[in-house]
Amino acid sequence: MSDIKVLVADDLSKAAVELMTKAGLSVDVKVGLAPAQLGEIIGAYHGLAVRSATKVTADILARASSLKIVGRAGVGVDNIDVKAATEHKVQVINTPSGNAVAAGELALGFMFALARKIPQATASMKRGEWEKKKFSGVEITGKTLGVVGFGNIGRQVAERAVGLRMKVLAYDPLLAPGSAAPAGIELVSFDDLVGRSDFITLHIPLTAETKNLFGTATLAKMKKGSYLINCARGGVIDETALYESLKAGHLGGAALDVFEKEPCGPLPLFELDNVIASPHLGASTKEAQSKVAVELAEVFVDFFKNGKVRNAVNKL
Ligand SMILES: NC(=O)c1ccc[n+]([C@@H]2O[C@H](COP(=O)([O-])OP(=O)(O)OC[C@H]3O[C@@H](n4cnc5c(N)ncnc54)[C@H](O)[C@@H]3O)[C@@H](O)[C@H]2O)c1
């Protein structure tokens, strides 16, 4: 196995590197390579491990004559040209389960922050103010939470929301009809979820079907004063339509971790008091970063040692 060479091109935890080395893989850690540098050395490697910084382009893949597998520590593979990888017979894998708790907890944190205006109150306090009336909020207990996308993260959020004594609705078109819902969670249609929820949290991929799923028409069907949370992918909400809905006083507030364009710069949405935001922090916890790196290392070892493919993103 020591003739199998793996390049770790973005920061991966020490534990992950050790796991691969102990299994007999020869691992080089070279973080921060310019595309030209990566192109020069990639030909020597059988495995490439990245997070989101390294761009695995068609050009890089064309020069990767020995490459068998590219692994993304995380979920989104936007930085990997998956089509080109498939053409070059390179397996692409990701690590979907490692950051589900982190992303789910951020969505729940946003829900509390929206309900009680915590970020706005903090900013006001730091200006030396004491505005009790302005920051009166709403309670979460007894409210209805709509979870759009009942996959890894959506399930984490839904199950915890039951514990918060919320009424929980979930919608996922890929669930088999008649699927049993976990206790306390009601599987409903999209329109039912949109019309009944006090809070809606999105946990869907960005696809042709989900692009601008929350546009003018859907936002208008949401309850007046309800809240929208997006810790999934920018683009599933139409940011202009969201701005219009908030500005018109229809939606009560929105919390956004992801944006159509990232970094997003100063958006019109940020001029609104009831919008809170974070710079794509869903997976940014110590625990998640470590879990996704170790998961990637385990998949690589299984791939090279046992010829097993786990967490495949493409089909060869
Ligand atoms: N903010 C962050 O840092 C962060 C971190 C991790 C994941 N994410 C994103 O969160 C999203 C969910 O991740 P996951 O790990 O739960 O993925 P997942 O694949 O486990 O779940 C996604 C679910 O969405 C469902 N779905 C697909 N199209 C749908 C539609 N039109 N309506 C409703 N449901 C639909 C799928 O059937 C699937 O069950 C992804 O977009 C991922 O990239 C963001």
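Whatever order the structure lists ligands and atoms in, that order sets their numbers, starting from 1. For the numbers below, each heavy atom of this structure counts, side chains included, while hydrogens, waters and symmetry mates do not.
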**Proximal atoms of ligand 1 relative to Phe150 (non-hydrogen, under 4.0 Å)** = 39 (O)
**Item:** ligand 1 to Gly154 polar contact by distance, N or O atoms, under 3.5 Å
**Value:** no
**Request:** Could you find the nearest protein heavy atom to atom 3 (O) of ligand 1 and give me its residue, atom name and distance?
**Result:** His280 CD2, 3.0 Å
**Asked** What is the closest protein heavy atom to atom 24 (O) of ligand 1, and at what distance does it sit?
**Response** Pro205 CD, 3.5 Å
**Basic-acidic side-chain contact under 4.0 Å: Asp59, Arg63** = no
**Prompt:** Going by atom types only, do Asp10 and Thr54 share a side-chain donor-acceptor pair under 3.5 Å?
**Reply:** yes
**Prompt:** Can you check whether Glu209 has an N/O within less than 3.5 Å of an N/O in ligand 1?
**Reply:** no
**Item:** salt_bridge(Arg51, Asp11) N-O dist < 4.0 Å
**Value:** no
**Request:** Report yes if some N/O of Leu281 lies less than 3.5 Å from some N/O of ligand 1; otherwise report no.
**Result:** no
**Asked** Hey, do the aromatic rings of Phe112 and Tyr227 have their centres closer than 6.0 Å?
**Response** no
**Prompt:** Of the protein's non-hydrogen atoms, which lies at the shortest distance from atom 21 (O) of ligand 1, and what is that distance?
**Reply:** Gly151 CA, 3.3 Å
**Request:** State, yes or no, whether a side-chain contact exists between Glu129 and Lys134 at a heavy-atom distance under 4.5 Å.
**Result:** no
**Message:** Would you say that more than 12 heavy atoms from the other residues, nucleotides or ligands in this model lie under 6.0 Å from the CZ of Arg116, or not?
**Reply:** no
**Request:** Please confirm whether Val148 comes within less than 3.5 Å of ligand 1 when only nitrogen or oxygen atoms on both sides are compared.
**Result:** no
**Message:** Among all the protein's heavy atoms, is there at least one whose distance to atom 10 (O) of ligand 1 comes out below 4.0 Å?
**Reply:** yes
**Short side-chain donor-acceptor distance under 3.5 Å, Asn152 and Ser97** = no
**Request:** Would you kindly check if the NZ (Lys) or CZ (Arg) of Lys117 is within the cone defined by 45 degrees around the ring axis of Phe135 and under 6.0 Å from the six-membered ring centre?
**Result:** no
**Message:** Before you tell me yes or no, could you show the steps for Lys83 and Glu87 under salt bridge (Lys or Arg N to Asp or Glu O under 4.0 Å), namely the whole-Å CA-CA distance, both residues' side-chain angles and the distance that decides it to 0.1 Å?
**Reply:** CA-CA 6 Å; Lys83 192 166 164 271; Glu87 280 162 17; 3.6 Å; yes
**Asked** Is there a nitrogen or oxygen of Asn152 sitting under 3.5 Å from a nitrogen or oxygen of ligand 1?
**Response** yes
**Request:** Could you find the nearest protein heavy atom to atom 28 (N) of ligand 1 and give me its residue, atom name and distance?
**Result:** Thr210 CG2, 3.9 Å
**Prompt:** Tell me: protein heavy atom nearest atom 40 (C) of ligand 1, and distance?
**Reply:** Ile204 O, 3.8 Å
**Prompt:** Taking NZ, NE, NH1 and NH2 as the nitrogens, is one of them in Arg233 or Glu260 under 4.0 Å from a carboxylate oxygen of the other?
**Reply:** no
**Between Thr86 and Asn314, a side-chain donor and acceptor under 3.5 Å** = yes
**Asked** When you measure from atom 22 (C) of ligand 1 to every protein heavy atom, which one gives the shortest distance, and what is it?
**Response** His203 O, 3.5 Å
**Complete:** The closest protein heavy-atom partner of atom 4 (C) of ligand 1 is Cys231 O, 3.7 Å
**Request:** Show the numbers, then the answer: is there a side chain to side chain donor-acceptor pair (under 3.5 Å) between Glu295 and Asn311?
**Result:** CA-CA 10 Å; Glu295 190 180 346; Asn311 302 355; 3.0 Å; yes
**Message:** Please check whether Pro173 reaches ligand 1 - meaning an N/O of the residue sits under 3.5 Å from an N/O of the ligand, judged on distance alone.
**Reply:** no
**Asked** Who gets closest to atom 38 (C) of ligand 1 by heavy atom: Asp78, Asp257, Asp172?
**Response** Asp172
**Message:** Under a 4.0 angstrom heavy-atom cut-off, which atoms of ligand 1 come close to Gly282?
**Reply:** 1 (N), 2 (C), 3 (O)
**Request:** Using distance alone, decide if ligand 1 has a nitrogen or oxygen within less than 3.5 Å of any nitrogen or oxygen in Ile153.
**Result:** yes
**Asked** Do Glu159 and Arg155 sit within salt-bridge range, that is, some charged N less than 4.0 Å from a carboxylate O?
**Response** no
**Under 4.0 Å to a heavy atom of Ala283 - the qualifying atoms of ligand 1, by number** = 3 (O)
**Asked** Within the structure, does at least one protein heavy atom fall under 4.0 Å of atom 31 (N) of ligand 1?
**Response** yes
**Asked** atom 5 (C) of ligand 1: which protein heavy atom is closest, and how many Å away?
**Response** Ala103 CB, 3.8 Å
